[in-house]
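Quantities reported herein were computed from a predicted structural model and do not represent experimental measurements.
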Amino acid sequence: MQKKDVVFLIEILDKKESKTIQNKIKEQFFQSKSNQLIALWERYQRVLKNQPDENIEKFWQDFKKREKGNAALKRELKKAILTNLVLLETQEKGQFEDSLSLNVLAVLFNRKLYDEMRSQLKQLKKQCLEKEKYQSLIEVIKWEMNLLQKQSKKNDAVELQKLIEEQQLYFDWYQQELICESLYKQVLLILEQDVKLAKKDNRKNFEQLCNHSSLYESNLQKYQDQKKIAFWIYRIKSMYHRTKKEYNLSYDYAQKMMRLFDDEMSQKNFSNQYIATLLCFYKSCYHTNRLKEIDNIIEKLDAFSTKDPNLQNRIRGILYEVEVINAIRKSSFKKADSRALTMVKDWQIIEGNENPGKLLYYSYYYTFIYWLRNLPEPFNQWLYISLNITYSQKGKNYYYATRLLALTHHYDQKNFLQLEPAIDAYRKLLDNHKILNNFQKLVIQTLKDLHKEQGQIQPDNQKIQAIFQNLKTELLAFINNPSFTRPSSFYQICVWCQSHLSPHCTLHIHQNFATFFPNY
């Protein structure tokens, strides 16, 4: 049973946050009330520390009944924690000053300090324009209109009209930014659920979204000076062409994104967009085999993380993604191994910062790295992590692919007692989700045939080789079928199959893949 309300809030606070908020509560309430709130706070902390491992659901139900008498006090404590947590978050992420500025305007206006208000408006407006904060700019214009009413001049009508037109311009920019951002989120959601666009409805919706009128070249010309709007348009177009395997076009749009943030001030003012741009550019470089540019991207990410500590968690997540794929492409694993050790150590922190889909992405590729190199101990470590991530629509393909890697690993390690029930469990999983396809059926049947042959008193190596040869023949047929959509694990199965048909290990097959599968 998930712990809710104030109990959950207290549980997620680290020691520094907990101490800071407790001190703030003491400052913000009269002594008698603060003592009551802190006493309740400390009671919750004792409960969290001493909760039993067994029958936890009944325990929390009983605890909730016991706390009914403190309902009003609990609401007040929750409000105090949330208020101070917001202050801590905004201060740490540099957002406090922006939110405070708009509230300052209201205070100055109510106190009739109009000259100071005009000075504050000028400064805030400049900051918002530099960072393209259109929503804040709309609010700034409202206050300028209010100020105009209080400080009347001869040309008030002209000034008011200018403000109306300026506000409309900011509204237009803000609306366009929201439209493009929402289009990107819709496209991304489709790809997260159906990365190969195997379903007809997904393909249709994907095309409609990517060809929305807001993404036309005429809009790019209209908003070419608005970095945020151009960023979303280029990002969608780069993703669109990458999905269509038009990699050079995808690279061209990613390059245009990079040019939006080619100076240090732009990178600082639009740090989130800049980081996303580096990731998009990396993907385009990967598909066009620009390995030197990928190394340059990793250097830029490392350098940027030292400039802005508030973005370190996000940059760290992108480095996980970039470095693991780069290691596989270059077959250079030293940096990836070092990163893997750090990730295992910090996995609880990573879980708190990433969604399950991204977690499955990381764990799948690290599982693949150690499978590729035939290193059972780290492979099993990452396999355990992968299979204990709660998967949903996001990342489900990586979960299924990891389960398939585990089956081949059982076979290679001669864990035949585990192999048979694992095959049945895998097939049942796919059946339950109604996604069992011809490729998966082929691999499952191959594994069953291999298991059956290995169960003989004297396994026939010629029969085993024939099973693998038949698997390769079928895999080549899939490759030569233009309508076949390759699932996440297709490449790995090709490598595994060829490693059993030749004297070479899986890593050698991976490094010389085009030799064995020239039409891939």
Side-chain angles (χ1 to χ4, degrees), residues 195 242 247 251 254 275 278-305 312-347 350 354 357-386 389 395 397-398 401-402 404-406 408-409 412 488-496 498-499 504-517 520:
V195 68
R242 188 168 65 246
Y247 298 127
Y251 176 81
I275 293 168
L278 286 172
L279 181 57
C280 181
F281 190 54
Y282 149 72
K283 290 177 180 176
S284 297
C285 290
Y286 171 82
H287 287 292
T288 52
N289 206 30
R290 289 175 165 88
L291 301 185
K292 287 185 178 179
E293 290 194 59
I294 292 176
D295 288 335
N296 189 34
I297 290 166
I298 292 172
E299 286 178 12
K300 286 182 177 181
L301 284 166
D302 270 328
F304 200 64
S305 67
Q312 279 181 350
N313 282 338
R314 187 172 175 215
I315 293 173
R316 179 173 55 188
I318 293 172
L319 280 170
Y320 295 154
E321 182 174 345
V322 173
E323 286 180 353
V324 68
I325 301 297
N326 202 34
I328 293 168
R329 172 62 69 91
K330 295 171 72 175
S331 294
S332 177
F333 302 106
K334 186 175 180 180
K335 188 176 280 190
D337 286 341
S338 174
R339 183 72 70 183
L341 289 172
T342 305
M343 288 180 74
V344 170
K345 181 182 174 184
D346 297 336
W347 190 250
I350 296 167
E354 299 286 3
K358 189 62 74 174
L359 294 175
L360 284 164
Y361 178 95
Y362 299 152
S363 59
Y364 168 69
Y365 277 108
Y366 277 104
T367 305
F368 172 56
I369 275 181
Y370 294 114
W371 174 88
L372 192 63
R373 296 154 69 194
N374 192 25
L375 297 172
E377 188 175 339
F379 172 86
N380 287 324
Q381 185 179 46
W382 278 99
L383 179 64
Y384 177 80
I385 290 172
S386 297
I389 297 170
N397 292 324
Y398 293 117
T402 303
L404 196 52
L405 275 185
T408 63
H409 180 73
D412 291 343
S488 302
S489 52
F490 188 81
Y491 176 88
Q492 286 79 352
I493 293 300
C494 290
V495 170
W496 177 68
Q498 186 60 42
S499 72
H504 304 296
C505 65
T506 49
L507 183 57
H508 177 89
I509 305 300
H510 165 70
Q511 292 168 333
N512 299 276
F513 188 79
T515 304
F516 302 103
F517 296 91
Y520 193 89

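Counting heavy atoms from C-beta on, the side chains of Asp295 and Asn326 come closer than 4.5 Å. Side-chain atoms of Ser363 and Thr402, non-hydrogen and from C-beta on, never get closer than 4.5 Å to each other. Between Trp382 and Met343 there is a side-chain heavy-atom pair separated by less than 4.5 Å. Side-chain atoms of His409 and Thr367, non-hydrogen and from C-beta on, never get closer than 4.5 Å to each other. Looking only at side-chain heavy atoms (C-beta outward), Lys292 and Cys285 stay at 4.5 Å or farther from each other. Using a 4.5 Å heavy-atom threshold, the side chains of Asn289 and Arg329 count as touching. Between Phe513 and Cys494, some side-chain heavy-atom pair lies under the 4.5 Å cut-off. Glu354 places none of its side-chain heavy atoms less than 4.5 Å from the side chain of Tyr361.
A distance of 13.5 Å separates NZ of Lys300 from CD1 of Ile315, quoted to the nearest 0.5 Å. A distance of 8.0 Å separates CG of Asp302 from CD of Glu299, quoted to the nearest 0.5 Å. Between Tyr365 atom OH and Ile325 atom CD1 the span is 4.5 Å, to the nearest 0.5 Å. Atom CZ of Arg373 sits about 5.5 Å away from atom CZ of Phe333, to the nearest 0.5 Å. To the nearest 0.5 angstrom, Asn380 atom CG is 11.5 Å from Ile385 atom CD1. Ser488 contributes atom OG, which lies 12.0 Å from atom CD1 of Ile493 (distance to the nearest 0.5 angstrom).
Checked by atom type and distance alone, the side chain of Ser338 never pairs as donor or acceptor with a backbone atom of Lys334 at under 3.5 Å. Between the side chain of Ser499 and the backbone N or O of Cys505, no donor-acceptor pair lies under 3.5 Å.
Judged by distance alone, the side chains of Asp412 and Trp371 never bring a donor and an acceptor atom under 3.5 Å apart.
The shortest heavy-atom contact between Thr288 and Ser284 is OG1-O, 2.7 Å. Nearest approach of Leu405 to Thr408, heavy atoms of both residues: O-OG1, 2.7 Å. Taking all atoms of both residues into account, the shortest heavy-atom contact from Ala340 to Tyr370 is CB-OH, 3.4 Å. The two residues Ile328 and His510 make their nearest non-hydrogen contact at O-NE2, 2.6 Å. What you find for Tyr364 and Ser489 is that their closest heavy atoms are OH-CA, 4.2 Å. Pairing each heavy atom of Ala336 with each of Tyr366, the nearest pair is O-CE2, 3.4 Å.
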Stepwise, does the side chain to side chain contact (heavy atoms under 4.5 Å, CB included) test hold for Leu278 with Ile318? CA-CA 9 Å; Leu278 286 172; Ile318 293 172; over 6 Å; no

Using the side chain to side chain contact (heavy atoms under 4.5 Å, CB included) rule, take His504 and Phe516 through it: C-alpha gap first, then chi angles, then the decisive distance, then the call. CA-CA 11 Å; His504 304 296; Phe516 302 103; 4.2 Å; yes

Leu301 vs Glu323, test: side chain to side chain contact (heavy atoms under 4.5 Å, CB included). Steps then yes/no. CA-CA 11 Å; Leu301 284 166; Glu323 286 180 353; over 6 Å; no

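In this structure, Lys283 is not positioned above the aromatic face of Tyr286 in the sense of NZ or CZ being under 6.0 Å from the six-membered ring centre and within 45° of the axis.
Tyr251 has its ring centre no less than 6.0 Å from the ring centre of Tyr247.
In this structure, Tyr520 places its OH atom where more than 12 heavy-atom neighbours from other residues, nucleotides or ligands lie under 6.0 Å away.
The residue from Leu279, Val324, Ile297, Ile298 that alone fulfils the side chain to side chain contact (heavy atoms under 4.5 Å, CB included) condition with Leu319 is Ile298.
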